[in-house]
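Here the structure is laid out as structure tokens; the discussion comes afterwards.
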Protein chains: 2
Amino acid sequence: MATPTTTRQRRRGHDPESVLSIAVGVFNERGYDGTSMEDLARALGVTKSAIYYHVPGKEQLLGRALDRALDGLSEMVADERAASGPAIERLEWVVRQSVRILVDRLPYVTLLLRVRGNSRTEQVALERRREFDAFISHLVKEAAAEGSIRPDVDPALVTRLLFGTVNSIADWYQPSRGASSDDVADALLKMAFTGLRV
Amino acid sequence: MATPTTTRQRRRGHDPESVLSIAVGVFNERGYDGTSMEDLARALGVTKSAIYYHVPGKEQLLGRALDRALDGLSEMVADERAASGPAIERLEWVVRQSVRILVDRLPYVTLLLRVRGNSRTEQVALERRREFDAFISHLVKEAAAEGSIRPDVDPALVTRLLFGTVNSIADWYQPSRGASSDDVADALLKMAFTGLRV
DNA sequence: TTGTCAACTGACCGAATGTTCGGTAAACAC
DNA sequence: GTGTTTACCGAACATTCGGTCAGTTGACAA
């Protein structure tokens, strides 16, 4: 009766989760298309065929990774704090949350940001990402319409620059350097909202 | 005596230059590793083997493209305007020039920004790019030391955010949308230097 | 001790990859 | 017209690719 189907002590080895997290690491190092199943096998310490015991294939591995990134963004968009209040405050909240998601799910979001649309899996992910971008774009326009953003720059340009900055974090952020998600978000918001110059 | 070795009217076809520019376009659409020589051949309207009449191979095509981007950045760093005057003004000039180079050589710089280091060619390019990054990093530190940048953000973080923003332009800029290099640089400098909020 | 089963190996498959090569048609030089 | 050069094609090359499958191993239950 005790622990009938529970996960007891496994005799060391992989599971779908460990395969995914290691695979995503390699995808980010070499690029998805630049990564062979042989590369993954080497990183996992097993042979190629062992991978297929845990996951259906390379593209499904990518799909699961992209979903992790996109699910985070979807949850944020659905949050009440993204829907009510002054647009500029919602924008600030969304920027801060975006940075948090990017940092928390760094490898998954990094992968998402590099997707080009070379397969159905990638195209589906790009489509979900475009929905997020449209949400942001709308939010910036609202903030501009409410007079909270300087009127001498096109809101569309503001959107791209602001979230270009957020997304660029994926290119350099390393948790080992000590800066937390909030540290980065604070610096980003200071720069973008009130400016760097003294 | 007239036009002995000059380029006269070619009977339409490709040359190394046209192959390069079309190839770089495809590389940016699908990613370098995601692009096959067959893909390039299709885009060029010839067979795979015809490509090898004009260029030595796929990797050399990449190398030439990356050099175009890096040469632009090297020229800028060597310019006198990057060396003398208040650091904050040099920084502003370098940001503006970086945007100009990125826009002028958009496909080449875009390619450079996506290089992961999967081959010797890519590693050499990454090394040159790191030199540029070090130059920028030093410049920001100077501006901070001169008291021109708000002291409550780490200069290293400022460097990454500022040039993360510049580099992110490659992800969305389309000349057909009408914005010039200076338009983008103006908006970027307004945001980063004096802030978006009214 | 035997049987079960999760986790894996090694040999292999067909397709796709980057590249080479022998040949060739059209444009040009003379 | 003849010879040369330019720009290409089609077939083949070795290699690598993602993926399959029949078997093996070792921990564990009975």
Side-chain angles (χ1 to χ4, degrees), chain A residues 1-24 26-27 29-65 111 116 118-122, chain B residues 1-24 26-27 29-65 111 116 118-122:
Chain A
M1 200 63 110
T3 63
T5 50
T6 326
T7 39
R8 69 195 70 191
Q9 190 71 353
R10 291 200 175 273
R11 67 173 174 101
R12 70 163 155 88
H14 291 288
D15 57 28
E17 180 57 37
S18 70
V19 170
L20 177 62
S21 76
I22 292 176
V24 170
V26 183
F27 287 162
E29 267 180 43
R30 317 172 63 98
Y32 174 76
D33 284 314
T35 302
S36 68
M37 293 303 276
E38 195 63 55
D39 290 329
L40 293 187
R42 205 174 306 120
L44 288 161
V46 295
T47 54
K48 246 199 320 175
S49 41
I51 300 173
Y52 291 90
Y53 177 76
H54 299 290
V55 293
K58 194 188 177 188
E59 199 172 334
Q60 289 84 349
L61 223 29
L62 176 64
R64 289 180 194 185
L111 201 55
R116 313 297 312 160
N118 288 349
S119 62
R120 254 264 102 65
T121 301
E122 296 194 5
Chain B
M1 200 63 108
T3 65
T5 49
T6 325
T7 37
R8 66 196 71 192
Q9 190 70 355
R10 291 203 174 270
R11 65 174 173 99
R12 68 163 154 91
H14 291 289
D15 57 27
E17 180 57 37
S18 71
V19 170
L20 178 61
S21 76
I22 292 176
V24 170
V26 183
F27 286 163
E29 269 180 43
R30 315 172 64 99
Y32 174 76
D33 285 313
T35 302
S36 69
M37 293 302 276
E38 193 64 56
D39 291 330
L40 293 187
R42 205 175 304 119
L44 288 161
V46 295
T47 54
K48 256 197 307 177
S49 45
I51 299 173
Y52 291 88
Y53 177 77
H54 299 290
V55 292
K58 194 189 177 188
E59 199 173 333
Q60 289 83 349
L61 222 30
L62 176 64
R64 290 180 193 185
L111 202 54
R116 311 300 309 160
N118 288 350
S119 62
R120 256 264 102 63
T121 302
E122 296 194 4

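A, B, ... follow the sequence lines: proteins, then strands. Residue 1 opens every chain.
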- Does any N or O donor sit under 3.5 Å from an N or O acceptor when you compare the side chain of B:Thr47 with the base of D:dG10? no

- Message: Can you give me the closest heavy-atom contact between B:Val26 and B:Ala43, atom names plus distance?
- Response: CG2-CB, 3.6 Å

- Message: Rounded to whole Å, how long is the line connecting atom CD1 of A:Ile51 with atom P of C:dC8?
- Response: 11 Å

- Counting side-chain heavy atoms from C-beta on, which of D:dT6, C:dT19, D:dG19 comes nearest to A:Met37? D:dG19

- Query: Under the 3.5 angstrom rule, does the side chain of B:Lys58 hit a backbone N or O of B:Thr35 as a donor-acceptor pair?
  - Reply: yes

- Note on the structure: Closest of C:dG18, C:dC8, D:dA7 to the B:His54 side chain is D:dA7

- Give the rounded distance in Å between these two atoms: CG of A:Asp15 and P of C:dC5. 20 Å

- Could you say whether A:Gly45 or A:Tyr53 is positioned toward the 5' end of DNA chain C, judged by the nucleotide with the nearest heavy atom to each? A:Tyr53

- Message: Has A:His14 got a side-chain atom pairing as donor or acceptor with A:His54's backbone, closer than 3.5 angstrom?
- Response: no

- Starting at atom CD of A:Gln60, determine the distance to atom C1' of D:dG18, rounded to an integer number of angstrom. 11 Å

- Task: Could you tell me which non-hydrogen atom of A:Leu111 sits nearest to which non-hydrogen atom of A:Phe27, and how far apart they are?
- Result: CD1-CB, 3.6 Å

- Message: What contact category does A:Ser36 fall into here, base, sugar-phosphate, or nothing, at under 4.0 angstrom with non-hydrogen atoms?
- Response: sugar-phosphate

- Task: Answer with yes or no whether A:Lys48 presents, from its side chain, a donor or acceptor under 3.5 Å of a partner atom in the base of D:dG19.
- Result: yes

- Query: Choosing from C:dT9, D:dG18, D:dC8, which nucleotide comes nearest the side chain of B:His14?
  - Reply: D:dC8

- Query: Given C:dT19, D:dT20, D:dC9, which nucleotide is nearest the side-chain atoms of B:Tyr52?
  - Reply: C:dT19

